[in-house]
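Source: prediction; values computed, not measured. Numbered from 1 within each chain, the chains take letters A, B, ... in sequence-line order. All values below come from the heavy atoms of this structure, side chains included, with hydrogens, waters and symmetry mates left out.
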Amino acid sequence: MSSINESPVITRFAPSPTGSLHLGNARTALFSHLWARKSGGKFILRIEDTDLTRSQDRFRDELISDMLWLGLEWDEGPDVGGPAGPYCQAQRGEFYRSLYQQLSARDLAYPCFCTAEQLELSRKLQRMAGKPPRYAGTCRGLTAAQRAEREARGLKPTLRFAVPGDQMIEFTDAVHGLQQFASNDIGDFIIRREDGTPAFFFCNAVDDSAMGVTQVLRGDDHLTNTPRQIMLLQALGMPIPAYGHVGLLTGEDGAPLSKRHGSTSVQEFRERGFLSIAVLNQLFRLGHAGDVDGWLAAAEMPRHFRPQHLGRAPARFEVSQLMHWQKVSLERLSQEDFRAWLAADDSPEFIDLVRHNVVLPEDAAAWRAVVQGELAPLGAEERRLIDAAGAGFFADATLAYEQSKGDLKVLTQFLKERTGRKGPDLFMPLRVALTGLAHGPELAQLLRLMPPETARRRLKIHA
RNA sequence: GCUCCCUUCGUCUAGAGGCCUAGGACACGGCCCUCUCAAGGCUGUAACACGGGUUCGAAUCCCGUAGGGAGCGCCA
């Protein structure tokens, strides 16, 4: 399946369990997954649960369940294990400690005793002076005695990486091409927090490397952070993966997708009844151009995925496009699967009748109510059609219904002779009276499924 | 403020100097089909942010401008 000149690519998805999986993350997960599958490589799931206060088990479970729902199975991960485990960062403390030691021993990292308040003040001052708010290097030159003295006072240090000066860091981004950054623009950054937990820049980079990831795919927001991670890996003498930064996904308001957008978590689409294959088809095309235009089955996606066609510009997520893929995906469902998707006890007749007028389960519920429940209040167009037909028409229609025994053909034949109406003038008022709507599935069958009492009442009420 | 990134129809995108009178998909409009809607068929509206270069020739290369975005966090 992999093309001749492409070697196996090892990718990963590394979410932090601090919230729901939203579409943006799901998309990078999808791309990473597809890239690995396309090349015959591996896809790794790693949980970045270093923020003890914000990480929650229920988010991790939800995340895993969302990934599985989307069909993005991983070859290595917290549940299935693998050669580079464990796959939760909270359990990798020992590994991190050995690296901290290595760095500290070679003076490539140093303890910093500055307090959060001091740092904030310093940043503020720099900003006011029109300078980039970088760490001033206050603790970099501390002597062993000074460090000991501070620790004796009970101060808990963070550990900072000593960024080498006067370097150019270059890398070829898989989507942006050649990137260059000056190390002098980068301040010494924290790699271990005061409480001893590892900071993102550090554990994220070091784990990618240690887990054998060859291609990191992530959002654009990490592009300018990449040189830090490269310097870190260089200092440690660890392999440096290739990086690729895809344009962010934005909501319909054009602002980057975030937890604020609310209705963009995978969970919510799932609950509203969207098919995972519909979501997949939509995400496949956001910031990416495959080599086909039409709907794709999940199994086809790796073949049609084109890493060279990952987008640099932000992509906007529009529900109307998801709706389209939902419709197409629904059409592909067998009656059995469709029924399972509805998760209701509908008759096969009802399902066949209503299928093509349903995009979400709530639509089916509406038709269910038309057949066996109460009608929703009439809309403006519906009202107009009823009024145009007039009370006399419905008096005749009521009569016709009694003659017809529920057979629409007989009913309309009778009504046509009696009123002289035909075509839409004849059918539309009937449809609206009977269903409450100016559009919908076959009226004849709708009528057949309807209890006679209901039909009678709905016609009579307008007479 | 500094560094970096981005900019083709309303939206998602194709386009890697001539194949572009800029293609496709979604959405929208029209027509056909049809008792309605959907589906299907045909069809229409609609874009290279702007300004300068380079070139016989630029959506494609270079430089500016404008507008968006990101990073500079003991958040990831």
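If you look at F305(A) and H288(A), their ring centroids are closer than 6.0 Å. Residues Y87(A) and F95(A) place their aromatic rings such that the two centres sit no closer than 6.0 Å.
Among the heavy atoms of the strands lying under 4.0 Å from S320(A) are primed sugar atoms or P, OP1, OP2 only; no base atom is included. Among the protein residues, C203(A) comes within range of no part of the nucleic acid, since none of its heavy atoms lies under 4.0 Å from any strand. Contacts of R431(A) with the nucleic acid, taken as non-hydrogen atoms under 4.0 Å apart, include base atoms. The residue R123(A) sits close only to the backbone: its heavy atoms come under 4.0 Å of sugar-phosphate atoms, none of a base. Here E48(A) lies in heavy-atom contact (under 4.0 Å) with sugar-phosphate atoms only. Using a 4.0 Å heavy-atom distance criterion, P133(A) is classed as a base contact. Counting non-hydrogen atoms under 4.0 angstrom, G247(A) reaches nothing in the nucleic acid. Note on F181(A): only backbone sugar-phosphate atoms sit closer than 4.0 angstrom, heavy atoms only; bases stay farther off. When heavy atoms are screened at a 4.0 angstrom cut-off, N357(A) is found touching base atoms of the nucleic acid.
Side chain to side chain, E62(A) and S20(A) meet the donor-acceptor criterion of an N or O pair below 3.5 Å. In this model, no donor atom of one side chain and acceptor atom of the other lie less than 3.5 Å apart for S32(A) and R27(A). There is no side-chain donor-acceptor pair under 3.5 Å between H245(A) and D220(A).
Comparing atom distances between the D220(A) side chain and each of C5(B), A70(B), A27(B) picks out C5(B) as nearest. With distances taken from any side-chain atom of H309(A) to the nucleotides U11(B), A27(B), G15(B), the minimum falls on G15(B). Candidate nucleotides U11(B), A76(B), C5(B) were compared by shortest atom distance to the side chain of D51(A), and A76(B) ranks first. Listed nucleotides A70(B), G1(B), C12(B) differ in distance to A315(A); the shortest reach to its side chain belongs to C12(B). In this structure, of C5(B), C72(B), A38(B), it is A38(B) that holds the atom nearest to the side chain of H356(A). For R285(A), counting side-chain heavy atoms from C-beta on, the closest listed nucleotide (C5(B), U36(B), C12(B)) is C12(B). With C6(B), A76(B), C37(B) as the choices, the nucleotide that has an atom nearest any side-chain atom of H176(A) turns out to be C6(B). Counting only heavy atoms from C-beta on, A313(A) has its side chain closest to U7(B) among U7(B), A76(B), C37(B).
Between Q179(A) and C5(B), a side-chain N or O to OP1/OP2 separation shorter than 4.0 Å is present. Contact annotation: R193(A) reaches the phosphate of C75(B) (side-chain N/O to OP1 or OP2, under 4.0 Å). Regarding contacts with the backbone of A76(B), a side-chain N or O of T50(A) is found under 4.0 angstrom from either OP1 or OP2. H222(A) has no side-chain polar atom (N or O) that falls below the 4.0 Å cut-off from OP1 or OP2 of A70(B). At the phosphate of C26(B), OP1 or OP2 sits under 4.0 Å from a side-chain N or O atom of H324(A).
The pair R368(A)-D346(A) meets the salt-bridge criterion, since a charged nitrogen lies less than 4.0 angstrom from a carboxylate oxygen. Using a cutoff of 4.0 Å between basic side-chain nitrogens and carboxylate oxygens, R60(A) and D49(A) are not scored as salt-bridged.
Between the CG atom of N225(A) and the P atom of C75(B) there is a distance of 14 Å, given to the nearest Å. If you measure from atom CD of E252(A) to atom P of C12(B), you get 10 Å, rounded to the nearest angstrom. Between the P atom of G1(B) and the CZ atom of R127(A) lies a distance of 11 Å, rounded to the nearest Å. Rounded to whole angstrom, the span from the CZ atom of R228(A) across to the C1' atom of U3(B) amounts to 10 Å.
Across the strands present, C61(B) finds its partner in G53(B); the criterion is a Watson-Crick or G-U wobble pair with both atom distances under 3.5 angstrom. In this entry C4(B) has G69(B) as its Watson-Crick or G-U wobble partner, both defining distances falling under 3.5 Å. With both pairing distances under 3.5 Å, C20(B) is matched to nothing as a Watson-Crick or G-U wobble pair. The partner of C31(B), taking Watson-Crick or G-U wobble pairs whose two distances both stay under 3.5 Å, is G41(B). Partner assigned to C26(B) is G10(B), using Watson-Crick or G-U wobble distances below 3.5 angstrom.
Annotation for A174(A) and Q215(A): closest pair CB-OE1, 3.9 Å, computed over non-hydrogen atoms.
In this structure, L52(A) and Q321(A) both approach RNA chain B, and ranking their closest nucleotides by distance from the 5' end singles out Q321(A). Heavy-atom nearest nucleotides on RNA chain B were determined for A116(A) and for L223(A), and the one closer to the 5' end corresponds to L223(A).
Side chain E442(A) to base C35(B): a donor-acceptor pair is found below 3.5 Å.
Comparing the P positions of U36(B) and G30(B) gives an interatomic distance of 15 Å, to the nearest angstrom.
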